[in-house]
Amino acid sequence: MLFKPFHTTLDFHLKPNETVAELLTHNLLSFLPEASRAISFTIEQLKWDCTSECKYTCMEELSLSGQQKSLPVVKFFGKWPFKRVLGAQEILSSLFSFLNGVPHFLYLVFWRNSYAPKGYYMSNLLKVYSCVCMNSWLWSTIFHARDVKISEAGDYYFATSQIFFSVFLAIIRLAGRKKRTRSVVGFVVGLSLTVFYARYVWFMENVLFDYGYHMKINLGGGVLHLLVWVCWVFVGDGKARAYRWKCLRFLGLLLLAALCEVFDFPPFFGLLDAHATWHGLTIPLVPMWYQFWASDAEYEVAYSSSLKEKKD
């Protein structure tokens, strides 16, 4: 067993005007002596100290007590009660996050020439994009395995960096083939996004580390990303491209998957909640997105080659 259970008598009855968090804090004191002996080596390696172990056990006991009384599942400290597996708090979200990062790694290392070939003006940016995505999903994997201050900050900040860079990439692609246009647009947009991102991090670090504010920033970035690509498909170069359906397919499926973040629900069997489902649904979308870029690269390289042949 990864966690040796201990038994103690707890008062799980809320007093007048007492919150669940206050009840947990009260019961932490009675857990401390035995909890310190119950932490296994595996759990200890994931930085489950005595206090966090007590919080988890209180949550688990209260959730079980609520289920036996047919009470609705409630959140503790802003999170659903998950069953810990191999010391990981949200094992499926962590696993799915890792699997989202794998295609980025495979395309960058083994299939780079398919989506970022030599002669394609988006090539270098796409390589950077792959690295940004890998880093983001790595921190998501760590955070869902173990929620501590540094892993939470890493997950939030790098997830936002992925969205911002995706917006930058989309705008550069919308700018088209002319190098001068891309350079000017890239400088203005890149500088603006960098300043906005820096302000976002500063606010989170110095004013209020707030999940709601973080989600508003990311939702705004996601909507902007969607709108830029819709412009490319129906107004920009994409309106004349036979493969534009690949872009629309990705955007449509991504939008449907994102509904899981809107319609939140408690975890089934203590493992699969809406957020984990969202991460699971996005795994097959990553190769679809690279397939679009591969088609775009093939078209643009062929177009550039035809222009050179005409000049010759």
Ring center gap for [X] and [Y] short of 6.0 angstrom:
{"X": "His214", "Y": "Phe209", "answer": "no"}
{"X": "Trp229", "Y": "Phe292", "answer": "yes"}
{"X": "Trp139", "Y": "His144", "answer": "no"}

Atom [atom1] of [X] and atom [atom2] of [Y]: how far apart are they, to the nearest 0.5 Å?
{"X": "Tyr120", "Y": "Asn113", "atom1": "OH", "atom2": "CG", "answer": "14.0 Å"}
{"X": "Leu256", "Y": "Leu285", "atom1": "CG", "atom2": "CG", "answer": "9.5 Å"}
{"X": "Trp137", "Y": "Ile142", "atom1": "CH2", "atom2": "CD1", "answer": "13.5 Å"}
{"X": "Leu254", "Y": "His225", "atom1": "CG", "atom2": "NE2", "answer": "8.0 Å"}
{"X": "Asn100", "Y": "Leu281", "atom1": "CG", "atom2": "CG", "answer": "10.0 Å"}
{"X": "Thr277", "Y": "Leu259", "atom1": "OG1", "atom2": "CG", "answer": "12.0 Å"}

Close side-chain approach of [X] and [Y], heavy atoms under 4.5 Å:
{"X": "Arg112", "Y": "Leu126", "result": "no"}
{"X": "Leu208", "Y": "Phe203", "result": "yes"}
{"X": "Leu108", "Y": "Lys127", "result": "yes"}
{"X": "Trp289", "Y": "Thr282", "result": "no"}
{"X": "Phe164", "Y": "Thr194", "result": "no"}
{"X": "Val207", "Y": "Trp202", "result": "yes"}
{"X": "Leu251", "Y": "Cys247", "result": "yes"}
{"X": "Asp273", "Y": "Ser93", "result": "yes"}

Is the number of heavy atoms from other residues, nucleotides or ligands under 6.0 Å of [X] [atom1] greater than 12?
{"X": "Phe196", "atom1": "CZ", "answer": "no"}
{"X": "Glu152", "atom1": "CD", "answer": "yes"}
{"X": "Ile150", "atom1": "CD1", "answer": "no"}

Does the side chain of [X] come under 3.5 Å of the side chain of [Y] through a donor N or O and an acceptor N or O?
{"X": "Tyr157", "Y": "Glu205", "answer": "yes"}
{"X": "Ser130", "Y": "Tyr115", "answer": "yes"}
{"X": "Ser97", "Y": "Thr141", "answer": "no"}
{"X": "Tyr156", "Y": "Asn218", "answer": "no"}
{"X": "Thr160", "Y": "Tyr200", "answer": "yes"}

> Is it true that Glu300 and Arg241 have a side-chain N and a carboxylate O under 4.0 angstrom from each other?
Replying inline: yes
>> Check this for me: does any side-chain nitrogen of one of Arg177 and Asp237 sit under 4.0 Å from a carboxylate oxygen of the other?
In response: no
Are [X] and [Y] linked, directly or through other ILVMFWY residues, by side chains that come within less than 4.5 angstrom of each other?
{"X": "Ile217", "Y": "Leu191", "value": "no"}
{"X": "Val228", "Y": "Val188", "value": "no"}
{"X": "Phe168", "Y": "Leu219", "value": "no"}
{"X": "Val223", "Y": "Leu226", "value": "no"}
{"X": "Ile171", "Y": "Val184", "value": "no"}

> Are Tyr290 and Lys246 close enough, and set up right, to give a side chain to side chain contact (heavy atoms under 4.5 Å, CB included), and what steps lead you there?
Replying inline: CA-CA 10 Å; Tyr290 277 101; Lys246 294 183 180 180; over 6 Å; no
Looking at every non-hydrogen atom in both residues, tell me the closest pair between [X] and [Y] and how far apart they are.
{"X": "Tyr121", "Y": "Gly176", "result": "CE1-O, 3.9 Å"}
{"X": "Arg182", "Y": "Ile172", "result": "O-CD1, 3.8 Å"}
{"X": "Ser136", "Y": "Ala159", "result": "OG-CA, 3.5 Å"}
{"X": "Leu125", "Y": "Phe165", "result": "O-CE2, 3.6 Å"}
{"X": "Val286", "Y": "Pro103", "result": "CG1-CB, 3.5 Å"}
{"X": "Gly221", "Y": "Val167", "result": "O-CG2, 3.4 Å"}

>> Walk me through whether Gln162 and Asn135 qualify under side chain to side chain contact (heavy atoms under 4.5 Å, CB included).
In response: CA-CA 9 Å; Gln162 179 178 343; Asn135 181 60; over 6 Å; no
>> Between Ser161 and Phe158 (side chain of the first, backbone of the second, donor and acceptor by atom type, cut-off under 3.5 Å), is there such a pair?
In response: yes
> Just by modelled atom types, is the Arg146 backbone N or O under 3.5 Å from a matching donor or acceptor in the Ser151 side chain?
Replying inline: yes
>> Applying the side chain to side chain donor-acceptor pair (under 3.5 Å) criterion to Asp296, which one of Arg173, Gln291, Arg244 satisfies it?
In response: Arg173
>> Quick one, Tyr197 with Ile163, criterion side chain to side chain contact (heavy atoms under 4.5 Å, CB included). Give me CA distance, side-chain angles, the key distance, then yes/no.
In response: CA-CA 10 Å; Tyr197 180 76; Ile163 291 176; over 6 Å; no
> Which word best sums up how the rings of Tyr107 and Trp111 line up, parallel for under 30°, tilted for 30 to 60°, or perpendicular for over 60°?
Replying inline: perpendicular
